[in-house]
Amino acid sequence: MNPNQPTSEAKHEDDAALSEFLASLMDYTPTIPDELVEHYLARSGFQCPDVRLIRLVAVATQKFVSDVATEALQQCKARQSAVVKDKRDKQQKDKRLVLTMEDLSKALGEYGVNVKHQEYFADSPSTGMDPATGMNE
């Protein structure tokens with residue numbers, strides 16, 4: 001007998017746990033509304049009348065967003081602690097964390113999502129210049 005192969009009793013317990021979990025989704029209201037999940041599933045060509053499956057996708061999406069946000073927070077803290085070390089002479093009393101697109105891009109990269117964001121007008125070297133003349137306003 002293969003020790004990696006589950007016994008029929010273990011399979012039965014797994015099936016019972018799965019059935020119980022799916023039943024609990026009927027009473028659960030996810031953060032992401034069913035209509036939004038249905039919309040994006042329909043845009044990808046997936047139609048499903050089972051609300052439990054829609055909510056399962058919503059829960060998985062919520063978990064993904066939560067994980068990315070947590071990773072982005074860690075990136076933000078690491079970046080800001082590096083800035084504080086560079087400016088030891090100045091006491092930084094402002095403890096607010098500022099999430100940047102760079103933090104979010106790094107966090108998404110950890111999950112295999114590559115984000116290429118466009119340069120914002122304020123990030124452009126020509127900021128403050130009249131686009132027609134190229135001269136300072």
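Treat the numbers as computed from the prediction; the structure is a model and nothing was measured. Below, all heavy atoms of this structure are taken into account, side chains as well, without hydrogens, waters or symmetry copies.
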(message) Could you report the tightest heavy-atom contact between Val98 and Arg79, atom names first, then the distance?
(response) O-NH2, 2.6 Å

(message) Between Lys11 and Asp15, does any side-chain N to carboxylate O distance fall below 4.0 Å?
(response) no

(message) So that I can tick it off, tell me whether Glu110 and Lys106 are bridged by a salt bridge, with the cut-off set at under 4.0 angstrom between side-chain N and carboxylate O.
(response) no

(message) Is there a path of hydrophobic side-chain contacts, each under 4.5 Å between heavy atoms, that joins Met26 and Leu18?
(response) no

(message) Using 0.5 Å steps for rounding, measure from the CZ atom of Arg52 to the CG atom of Asp50.
(response) 4.0 Å

(request) Could you tell me which non-hydrogen atom of Ala58 sits nearest to which non-hydrogen atom of Val37, and how far apart they are? (result) CB-CG2, 3.7 Å

(request) Sort and list the pairs that fulfil ring-ring contact (aromatic ring centres under 6.0 Å, His included) and have at least one residue in residues 38-78, not counting sequence neighbours. (result) Phe64-Tyr111

(request) Look up atom CD1 in Ile32 and atom CD1 in Ile54, then write down how far apart they are to the nearest 0.5 Å. (result) 12.0 Å

(message) Testing the 3.5 Å rule here: is there a donor-acceptor pair between the side chains of Thr70 and Asp67?
(response) no

(request) Determine the minimum heavy-atom distance between Ala107 and Gln75, stating which atoms define it. (result) N-CG, 4.4 Å

(message) How long is the straight-line distance from OG1 of Thr61 back to CG of Leu36, given to the nearest 0.5 Å?
(response) 9.0 Å

(request) To the nearest 0.5 Å, tell me how far Leu108 CG sits from Met101 CE. (result) 7.5 Å

(request) Calculate, to the nearest 0.5 Å, the distance between atoms CG and CG belonging to Leu25 and Leu22 respectively. (result) 6.0 Å

(message) Which residues end up grouped with Leu73 if you chain together Ile, Leu, Val, Met, Phe, Trp and Tyr wherever their side-chain heavy atoms are less than 4.5 Å apart?
(response) Leu97

(request) Would you give the length of the straight line joining atom OG of Ser24 to atom CD of Glu20, rounded to the nearest 0.5 angstrom? (result) 7.0 Å

(message) Using modelled atom types and a 3.5 Å cut-off, is there a donor and acceptor pairing between side-chain atoms of Arg55 and backbone atoms of Tyr28?
(response) yes

(message) Applying a strict under-4.5 Å side-chain criterion to I, L, V, M, F, W and Y, I'd like to know whether Val68 and Leu99 cluster together.
(response) no

